[in-house]
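Inspection log for the structure reproduced underneath, given as structure tokens.
Every chain is numbered from 1, with letters handed out A, B, ... down the list of sequences.
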Amino acid sequence: MDEKLPLRSENFSEWYNQVIMRAELADYAPVRGCMVVRPYGWALWENIQATLDARFKATGHENAAFPLFIPMSFLEKEKDHVEGFSPELAVVTIGGGEKLEEPLVVRPTSETIIGHMYAKWIKSYRDLPILINQWANVVRWEMRTRLFLRTLEFYWQEGHTAHATEQEAIEETRRMLDVYTDFAVNEAAIPVIPGRKSESEKFAGAAESYTIEAMMGDTRALQSGTSHNLGQNFAKAFDIQYLDENNQQQFCWTTSWGLSTRFVGAIIMAHGDDQGLVLPPRLAPIQAVIVPIFKNEDERALVLPVVDKVKSELTGIRVKVDDRTEVTPGFKFNDWELRGVPIRIEIGPKDVEKGSVALARRDTPGREGKSFIPQAGLKAAVETMLTAIHMAMLEKARAFRDAHIFEPTDYEEFKQVVQNGWAFSYWCGRSECEAQIKENTKATTRCIPLDQNTAPGKCIHCGEPAREKVYSARAY
RNA sequence: CGGGGUGUAGCGCAGUUGGUAGCGCACCGCGUUUGGGACGCGGGGGUCGGCGGUUCAAGUCCGCCCACCCCGACCA
């Protein structure tokens, strides 16, 4: 393998693949389109899970587990849902050597089977709301796959709730969109734009879909989390009814919302640089790595006890000591930079003598990011630096994003800007305009930001009156 | 499913008119090294993607198949 990564600016997709392989986040599985998530990648996902799970619990949700297999007939009960998903279903037709009476679908998402169970569990308004989440794997038979971004099987969480009123369901949908936004900004340092999906980009079977859209390092957009108001579509398809206070049968209002291992791809592409990964400190599996430095046995005997002492003082911080003897310190510096560890702590004979350590920030390459600080009070210094790195990463990503969002005033300019950025412009709301824009430019409607106070204008494509402005971009 | 590309050691590749399968990295052993990707010496590792054909002889020529990667239409 070459020592250097391909340059991010020259070949973004090759850079992306190699970062994943070299940083040992994931590997290709023997089945096309499937991946193995390796321990380092899974540790990152576990940190994402932990912080999201805490947010779900804090907003009143409980975890449960529903089956992997769904009767084919369930999928067929909601018209838009089956239309949307049938091309990408994996179907089991044989079990235990016998042809099955009814084929079983490997879940592409669980609205149907959970809807079925909710119909069974919900009797009266006293049973509502039901607020359940599950952490699961799902399968969608995609044509073209990319590690983390689109694989046949992926890991995610899917929240499914049922409510007595439309208003409650709308509030839930928006609440979880806010949770995702808060997570993206405050944990992953990714400044996402929340908004509503257009009709054509909506989830199959939803009344309204909402999304958080993030800008990647090549300016393409990535849908990083979604929240759907399902209206009464699934309630009617699965007969999810409750008896209200007046002894009347009513259909429930349901929602669903999900965030997947795709988000790992978002972290890689939003923050990475030519040296490799740059992990946001609050999610990084290793927050600080200690590299001991010594030339001989005498120095080794001097340095290692200080390394142990420093490590034991950094309580509450995810620290790793790189005690490999078969590679040089210089190799380790590059290795941990590739793996995106936010802070490197070097401890050598000079530090032992002076009672100091060398700190290097991953987000600031070269000498500029290196500082020498006393061992006393190191924990506070590391904590401060982790926060500073988070803020700097968020700011850098925000500045990059804002520098690549344009507000074109005519279609020619629109076509220009979406080649290397996002367009924020008026849209009449008609799917035909959207489709033609996509055909001409490959840009799709990413989201319609909420709560617009925009004065009416004219559609960027057809010139007809338009009430709203939308983000358009080429997307993953 | 269309277009392009690649299959030879774990990874990256070379292999001439068909004639005993090689290089770099990685791996193992020993020694010297170690504050920005160390070096020397010695070693282990292959049904050349699969099946069939041509031939005295196939990694190499011919046919079929398979897999993976990249680019398009669908998608979190």
Side-chain angles (χ1 to χ4, degrees), chain A residues 1-5 11-14 16-18 21-22 27-34 83-89 108-109 137-158 180 197 200-204 209 211-214 221-228 256-266 275-276 291-297 299-300 303 322 324-338 344-353 356-358 360 365-367 369-370 372 435 438-439 442 444 474-476:
Chain A
M1 202 188 308
D2 292 339
E3 278 181 4
K4 297 267 184 218
L5 277 170
N11 191 345
F12 196 81
S13 74
E14 187 54 28
Y16 177 80
N17 288 335
Q18 287 208 23
M21 297 294 280
R22 294 191 189 198
D27 200 353
Y28 292 101
V31 177
R32 177 195 76 87
C34 291
E83 263 179 36
F85 281 107
S86 57
E88 50 190 59
L89 294 179
T109 179
N137 56 340
V138 289
V139 168
R140 299 179 186 179
W141 214 265
E142 302 288 351
M143 312 251 182
R144 262 193 59 137
T145 58
R146 287 296 299 282
L147 291 171
F148 288 112
L149 299 178
R150 185 171 301 106
T151 46
L152 296 199
E153 181 188 21
F154 59 92
Y155 302 87
W156 73 345
Q157 57 70 215
E158 46 179 327
Y180 288 149
K197 278 293 185 188
S200 68
E201 296 277 330
K202 226 173 55 177
F203 176 75
S209 285
T211 174
I212 51 171
E213 294 288 324
L222 183 74
Q223 177 174 315
S224 307
T226 48
S227 185
H228 312 292
S256 68
W257 26 276
L259 186 145
S260 74
T261 38
R262 166 179 260 202
F263 203 92
V264 173
Q275 303 303 314
V291 178
I293 293 154
F294 45 81
K295 285 193 185 35
N296 50 48
E297 278 304 312
E299 288 186 356
R300 180 188 144 93
V303 166
D322 187 350
R324 285 177 292 178
T325 53
E326 67 273 22
V327 289
T328 61
F331 181 91
K332 293 177 183 177
F333 296 169
N334 287 282
D335 197 34
W336 292 112
E337 280 168 9
L338 170 68
R344 182 179 70 242
I345 303 173
E346 302 168 22
I347 303 177
K350 288 179 214 162
D351 300 296
V352 172
E353 191 183 317
S356 65
V357 302
R367 208 159 274 160
K370 215 156 160 172
F372 300 88
K438 185 175 179 182
E439 199 174 321
K442 289 173 187 160
T444 52
R474 294 189 302 155
Y476 279 101

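Nucleic acid contact class of T151(A) (heavy atoms, under 4.0 Å, all strands): base. No engagement by F263(A) is indicated, since no non-hydrogen atom pair under 4.0 Å with the nucleic acid exists. L259(A) comes within 4.0 angstrom of no nucleic acid atom, judged by non-hydrogen atoms across all strands.
For K197(A) (side chain) and H228(A) (main-chain N/O), no donor-acceptor pair under 3.5 Å exists by modelled atom type. Using modelled atom types, one side-chain atom of Y180(A) and one backbone atom of G258(A) make a donor-acceptor pair closer than 3.5 Å. Here the side chain of D351(A) pairs a donor or acceptor atom with the backbone of G348(A) at under 3.5 angstrom. Using modelled atom types, one side-chain atom of Q157(A) and one backbone atom of L259(A) make a donor-acceptor pair closer than 3.5 Å.
Aromatic ring centroids of F85(A) and F203(A) lie under 6.0 Å apart.
Taking atom CG of D27(A) as the reference point, atom C1' of G10(B) lies 11 Å away to the nearest angstrom. With rounding to whole Å, K332(A) atom NZ is found 13 Å from A38(B) atom C1'. The separation between Y28(A) atom OH and U6(B) atom P is 18 Å, rounded to whole Å. To the nearest angstrom, C1' of C68(B) lies 15 Å from CZ of R146(A). Between R324(A) atom CZ and G37(B) atom P the separation is 15 Å, expressed in whole Å. Protein atom CG of N17(A) is 16 Å distant from nucleotide atom P of C11(B), rounded to whole Å. For the pair Y16(A) OH and C70(B) P, the interatomic distance rounds to 11 Å; values are reported in whole Å.
For the C1' atoms, the distance linking C13(B) with G5(B) amounts to 16 Å, nearest Å. U32(B) and G18(B) have their C1' atoms separated by 47 Å, given to the nearest Å. For the P atoms, the distance linking G15(B) with C27(B) amounts to 27 Å, nearest Å. Separating the P atom of G12(B) from that of G72(B) is a span of 23 Å, rounded to the nearest Å. For the C1' atoms, the distance from U47(B) to G43(B) is 24 Å, rounded to whole Å. Taking the C1' atom of each, G44(B) and A9(B) are spaced 11 Å apart, rounded to whole Å. Comparing G19(B) with G59(B), their C1' atoms sit 13 Å apart, to the nearest whole Å. For the P atoms, the distance linking C25(B) with G42(B) amounts to 14 Å, nearest Å.
Considering only heavy atoms from C-beta on, V138(A) comes within 4.5 Å of F154(A) through its side chain. Annotation: side chain of T151(A) is not in contact with side chain of C34(A) (no heavy-atom distance under 4.5 Å). N17(A) has its side chain within reach of Y28(A): a pair of non-hydrogen atoms, C-beta onward, lies under 4.5 Å apart. Two residues are said to be in side-chain contact when any heavy atoms from C-beta on lie closer than 4.5 Å; R344(A) and K332(A) fail this criterion. Counting heavy atoms from C-beta on, the side chains of T226(A) and S209(A) never come closer than 4.5 Å.
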*Going 5' to 3' through nucleotides 29-36 of chain B, assign each nucleotide B (protein heavy atom under 4.0 Å from a base atom), S (under 4.0 Å only from sugar-phosphate atoms) or - (no protein heavy atom that close).*
-----BBB

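Positionally, the nearest nucleotide of RNA chain B for S13(A) lies more toward the 5' end than for the other of S13(A) and T226(A).
Base pairing annotation: C30(B) forms a Watson-Crick or G-U wobble pair with G40(B), both donor-acceptor distances under 3.5 Å. In this entry U16(B) has no Watson-Crick or G-U wobble partner, no candidate having both defining distances under 3.5 Å. Summarising the base pairing, G72(B) is matched to C1(B) through a Watson-Crick or G-U wobble pair whose two defining distances lie under 3.5 Å. Of all nucleotides present, only A67(B) satisfies the Watson-Crick or G-U wobble test against U6(B), with each distance under 3.5 Å. Under the Watson-Crick and G-U wobble criteria, each requiring two contacts below 3.5 Å, nucleotide C11(B) is paired to G24(B).
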Please list each protein N or O that sits under 3.5 Å from an N or O in nucleotides 72-74 of chain B, with the distance.
from: C74(B); atom 1: OP2; to: K438(A); atom 2: NZ; distance (Å): 3.2

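Contacts of E297(A) classified as salt bridge (Lys or Arg N to Asp or Glu O under 4.0 Å), with partners at least two apart in sequence or in another chain: R300(A).
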